[in-house]
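Note that the structure is a prediction, hence the values are computed from the model and not measured.
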Amino acid sequence: MLKIAELCVNLHPKLDKTMSMKQIRTLCTLLAAVLIMASCAGSSNETTLYSDAVITAFSLGNLNKYTTTINDDGDITVTKTTYKGSSYKFIIDQINREIYNNDSLPVGTDAEHILCSISTVNNGVALFKDLTEEDSYYYYYSTDSIDFSTPRTVRVMSSDGQGYTDYTIKVNIHKENGDQFVWNELKSSKEVEQMEGLKALYHNNTIYLFGNLDGKTQIIRIKDDNNWEIIGKATNFSSNAWKNVTTMLGFFFLYDKDVLYVSSDGDTWEPTSYQAEQPIKQLIGASSFELYALSTENKIMVSKDGGESWKVDSNDKPSMIPSEEITIVNYPVYMAERCEQVIMIGNRPAGTNDKYAAVWRKIIDFDDFKDGGSWSYMDLGSMEDYLLPRLTDYNLLCYEDGLLAFGKFPVTDLESKPYLKIYQSRDNGITWKIKEKVYAFPEDMGNKETVTISSVVDKDNNIWLFCTGTGEVWKGRLNSAGWTYQ
């Protein structure tokens with residue numbers, strides 16, 4: 001039995017020219033009659049025509065991608081590559097009659113010359129609406145390139161010629177390079193410039209800065225780019241209290257002069273009483289449900305009850321526990337329910353002559369929370385190429401599909417820049433690599449004059465940099481981190 005599509009080609013080889021809907025209906029009716037007569041004249045098989053007009057599958061063929069590069073001399077080079085469009089899945093929304101791809105095609109894809117494959121039920125005929133002539137359609141050939149630079153209407157005619165369904169096909173293509181990180185400089189801050197030491201925290205969709213200003217720890221609340229206010233004016237925290245602050249379960253915890261304080265808003269603080277197996281020297285961070293501190297004997301202390309009681313946490317290598325420059329992050333364990341990873345980096349005392357940071361990991365199973373997990377030291381032995389170097393003023397961020405870490409390198413002369421490299425780990429802190437073409441500090445940042453940088457990630461995946469010494473404030477984001485999907 002000849003298919004409708006085959007008859008279209010045989011009876012009307014020039015259907016690439018546009019036709020009105022009246023002509024299309026007439027043609028489909030004619031084809032149906034031809035099928036019936038052919039069946040009656042030469043075959044005992046019955047020919048069945050259907051009223052279905054439905055697209056069942058849509059995919060793309062090989063696609064062209066153009067990449068433009070400019071070298072240091074200003075010469076422009078355009079490179080053409082080809083990739084498989086079939087790797088990108090298209091969703092067919094039969095209720096709204098829409099076809100689209102959630103995962104957008106790469107930037108630079110040639111949208112005006114795309115090969116596609118359309119499957120219909122029961123030999124329905126697919127026709128594209130012309131882009132220039134009103135109410136004109138042309139027959140779809142899988143070997144013809146289609147202009148998808150704008151959403152296209154495809155009309156599916158049923159094989160009996162009596163009905164049709166219109167679909168809107170939208171091929172989504174990224175407008176920007178996903179691996180490009182863009183920085184924007186915001187209004188500088190006099191308070192940040194004058195701070196001697198700074199720690200930024202993100203709490204309840206708001207940024208808080210804790211820093212040594214005028215000989216005491218002062219707190220700044222940042223609701224947006226232009227809305228800054230100094231809070232906690234009634235407090236009298238010491239100049240180093242900013243080093244001992246963290247957040248957990250919607251509260252701030254701050255340790256100062258042997259007292260543990262708690263606050264829900266960073267403005268009003270209440271002292272709390274606690275008991276500890278060993279005297280606490282420093283509050284170092286938190287997971288979702290655990291607080292961590294260092295004891296005066298350099299043991300990792302843990303509290304599972306909001307700071308009321310503290311005990312020594314288990315670990316596998318006590319001699320490698322850091323004692324300074326400590327920072328901690330936590331995030332869910334990939335592909336494991338009710339589990340969390342906690343990553344800690346820091347330095348051992350200067351006298352140990354370590355060339356690399358001490359990196360630790362703890363996995364918490366919430367189904368076994370009472371007994372808890374154990375800290376494990378990331379010991380890679382001789383694999384020095386991918387270790388995190390020993391720095392000062394570490395920053396550790398969870399970002400996209402991994403961790404980012406940076407800090408200050410030693411300054412050897414007046415031209416040296418203390419902030420040189422941003423390291424990425426995609427294996428939970430085991431190895432650290434540099435992606436200079438993706439993650440780098442702003443080119444115009446006053447690097448030599450910067451004393452300390454503290455950073456934080458907000459809910460929109462922006463990274464904020466706060467620079468003491470210069471007062472600069474930068475906000476940036478990886479392009480792909482800002483993409484949204486239907």
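If you check the side chains of Trp464 and Asp458, you find a donor sitting under 3.5 Å from an acceptor. If you check the side chains of Ser159 and Asn122, you find no donor sitting under 3.5 Å from an acceptor.
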Does the side-chain contact (heavy atoms from CB on, under 4.5 Å) test come out yes or no for Leu403 and Val329, once each step is laid out? CA-CA 9 Å; Leu403 299 170; Val329 295; 3.9 Å; yes
side-chain contact (heavy atoms from CB on, under 4.5 Å), that's the test. Do Ile114 and Leu63 meet it? Break it down for me. CA-CA 6 Å; Ile114 292 180; Leu63 301 171; 3.7 Å; yes
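For Thr470, the side chain to side chain donor-acceptor pair (under 3.5 Å) partners are Glu472, not counting sequence neighbours. Applying the ring pair (Phe, Tyr, Trp, His ring centres under 6.0 Å) criterion to Trp375, with sequence neighbours excluded, gives Tyr292. Partners of Phe406 under the ring pair (Phe, Tyr, Trp, His ring centres under 6.0 Å) rule, at least two apart in sequence or in another chain, are Phe441.
Ring pair Phe289/Phe366 is perpendicular by interplanar angle, where above 60° counts as perpendicular and below 30° as parallel. Classification of the Phe181-Tyr399 ring pair by plane angle, with boundaries at 30° and 60°, yields tilted.
Using modelled atom types, one side-chain atom of Asp265 and one backbone atom of Asp267 make a donor-acceptor pair closer than 3.5 Å. Side-chain atoms of Arg221 never come within 3.5 Å of backbone atoms of Ile207 as a donor-acceptor pair (strictly under, hydrogens ignored).
More than 12 heavy atoms of other residues, nucleotides or ligands lie within 6.0 Å of CD in Glu229, so this atom counts as buried by the packing criterion. For Lys65, the NZ atom is densely surrounded, since the number of other residues' heavy atoms within 6.0 Å is greater than 12.
With Thr247 as the fixed residue, the side chain to side chain contact (heavy atoms under 4.5 Å, CB included) test singles out one of Phe252, Tyr202, Tyr208: Phe252. Checking each of Ile173, Val171, Asn64, Leu60 against Thr109 for a side chain to side chain contact (heavy atoms under 4.5 Å, CB included) leaves exactly one that passes, namely Ile173.
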